[in-house]
Amino acid sequence: MRQRPVLLVIAHGSRDPRHAATVHALVRRVRSLRPGLRVETGFLDFNIPSVQGVLESLAAGGVRDVVALPLLLTRAFHAKADIPAVLDAAPPQLRIRQAEVLGPSPLLLQALERRLYEAGLTPADKSSTGVVLASAGSTDPEAIAVIADIARDWWRTGWCAVRPAFASASLPRTEDAVRELRALGCERVAVAPYVLAPGFLPDRIARGAAEANVLANVLGAAPEVAQVILRRYVEASGKALLPLRASA
């Protein structure tokens, strides 16, 4: 019987050590949900192992099938250009399928709410709380449109208002969205970083949240994020997995 494809999680990488630590914590959670699935991690820049190094190691070890999953929330430049270029340079004996990016997904909205509740909000606060959906930002119009769509979908679940904001490349900034929600009359304002790991841009989001009542943590190793990763793996590999462990 042919073995399941190896899942290669591809992260961007960062000079900030919190980034790699968070990525590794997330991958450990994925492994805990699927003990029989081989999961590897590679970085595009700044951290090791590199994606190319992991692919060469897999090929040398006899692996033939790989699902490469971009650890990205939107389908922007890295998913469209950087990652395909690295995969194209992989050892020729590898059969590689690139999975879709993580977002959008209802599970990610659940993870965002989890982080807000961990930061002090309760479900009873939803109707009186305005939320800033703060993402890293992109020059890709498709990625920007997706963030706006997510904000609209999330607002429909009962929040007073939800406004998108961006830490770079696009407007508005987090602080401007916070002020807009205050002007709308929301009783309290919360900032929900739509980012996976700490780093330079998440720190900028945090500074922009100075006038908010609540600042949630990054998505990080939330169980919902791990579940999305596994769903993307199944979609790309075409191989069903057993139900999630009851303890997940």
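Keep in mind that the numbers below use all heavy atoms, side chains included, and drop hydrogens, waters and symmetry copies.
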Chemist: Rounded at 0.5 Å granularity, tell me how far CZ in R31 sits from CG in L33.
Modeler: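 Atom-to-atom, R31:CZ and L33:CG are 12.0 Å apart.
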Chemist: Any sub-3.5 Å donor-acceptor pair from H19's side-chain atoms to G199's backbone N or O?
Modeler: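 Answer holds: no.
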Chemist: Count the heavy atoms belonging to other residues, nucleotides or ligands that lie under 6.0 Å from CZ of R18, then report whether that count exceeds 12.
Modeler: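 Correct, the count exceeds 12.
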Chemist: Tell me whether K80 is salt-bridged to D140, with the criterion being a basic N under 4.0 Å from an acidic carboxylate O.
Modeler: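 Salt bridge present between K80 and D140.
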Chemist: Do E40 and R38 sit within salt-bridge range, that is, some charged N less than 4.0 Å from a carboxylate O?
Modeler: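 R38 and E40: salt-bridged.
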Chemist: Judged by atom type as modelled, is there a donor-acceptor pair below 3.5 Å linking the side chain of N47 to the main-chain atoms of S14?
Modeler: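 A pair under 3.5 Å: yes.
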Chemist: Between D176 and R173, is there a side-chain N and carboxylate O pair less than 4.0 Å apart?
Modeler: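 No, no charged N to carboxylate O under 4.0 Å.
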Chemist: Could you tell me whether the side chain of T139 and the main chain of A169 form a donor-acceptor pair under 3.5 Å?
Modeler: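 Pair absent, no side-chain N/O of T139 close to backbone of A169.
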Chemist: Step by step, work out the ring-ring contact (aromatic ring centres under 6.0 Å, His included) result for H24 and F43.
Modeler: CA-CA 11 Å; H24 290 310; F43 296 90; 5.6 Å; yes
Chemist: List the atom of L72, the atom of V101, and the distance in Å for their closest heavy-atom pair.
Modeler: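 What the structure gives for the nearest pair is O-CB, 3.4 Å.
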Chemist: Which heavy atom of P5 sits nearest a heavy atom of R97, and at what distance?
Modeler: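 That closest heavy-atom pairing would be CG-NH2, 3.5 Å.
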Chemist: Should R232 and E100 count as an ion pair when the cut-off is N to O under 4.0 Å?
Modeler: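 Result for this pair is no, no salt bridge flagged.
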Chemist: As a quick check of understanding, evaluate side chain to side chain contact (heavy atoms under 4.5 Å, CB included) for C160 and S128, giving each step before the final call.
Modeler: CA-CA 5 Å; C160 174; S128 56; 5.7 Å; no
Chemist: Test your reading of the model: is there a side-chain donor-acceptor pair from R115 to the backbone of A216, 3.5 Å cut-off?
Modeler: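 Looks like no, no N/O pair under 3.5 Å.
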Chemist: Under a 3.5 Å distance rule, please check whether Y233 uses its side chain to pair with a backbone N or O of G238 as donor and acceptor.
Modeler: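 Checked: no pair found.
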Chemist: Could you tell me whether R15 atom CZ has more than 12 heavy atoms of other residues or ligands within 6.0 Å of it?
Modeler: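 Not buried by this count: 12 neighbours or fewer within 6.0 Å.
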Chemist: Side chains of H12 and F46: closer than 4.5 Å at any heavy-atom pair?
Modeler: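 Yes; the side chains approach each other to less than 4.5 Å.
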Chemist: Counting distance only, does the side-chain N/O of S57 pair as donor-acceptor with the main-chain N or O of V54 below 3.5 Å?
Modeler: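 Judged by distance alone, no pair lies under 3.5 Å.
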Chemist: Spell out, as yes or no, whether a donor-acceptor pair under 3.5 Å connects the side chain of R204 to the backbone of A167.
Modeler: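 Judged by distance alone, yes, a pair lies under 3.5 Å.
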Chemist: Ignoring hydrogens and angles, state whether a donor on the side chain of R114 or N217 is under 3.5 Å from an acceptor on the partner side chain.
Modeler: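 Side-chain D/A pair, R114 to N217: absent.
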Chemist: Side chains of D45 and D82: closer than 4.5 Å at any heavy-atom pair?
Modeler: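 A side-chain contact under 4.5 Å is absent here.
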Chemist: Could you work out, with side-chain hydrogen bond (donor to acceptor under 3.5 Å, both in side chains) as the rule, every residue matching T129, not counting sequence neighbours?
Modeler: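 Here the qualifying residues are R188.
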Chemist: Does any N or O in the side chain of E175 come within less than 3.5 Å of the main-chain N or O of E211, such that one atom is a donor and the other an acceptor?
Modeler: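 No; judged by distance alone, with no hydrogens or angles, the pair does not exist.
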Chemist: Do D203 side-chain atoms and F200 backbone N/O form a donor-acceptor pair below 3.5 Å?
Modeler: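 Side chain of D203 to backbone of F200, a donor-acceptor pair under 3.5 Å: no, none is there.
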Chemist: Ion pair present between E113 and K126, side-chain N to carboxylate O less than 4.0 angstrom?
Modeler: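 Salt bridge present between E113 and K126.
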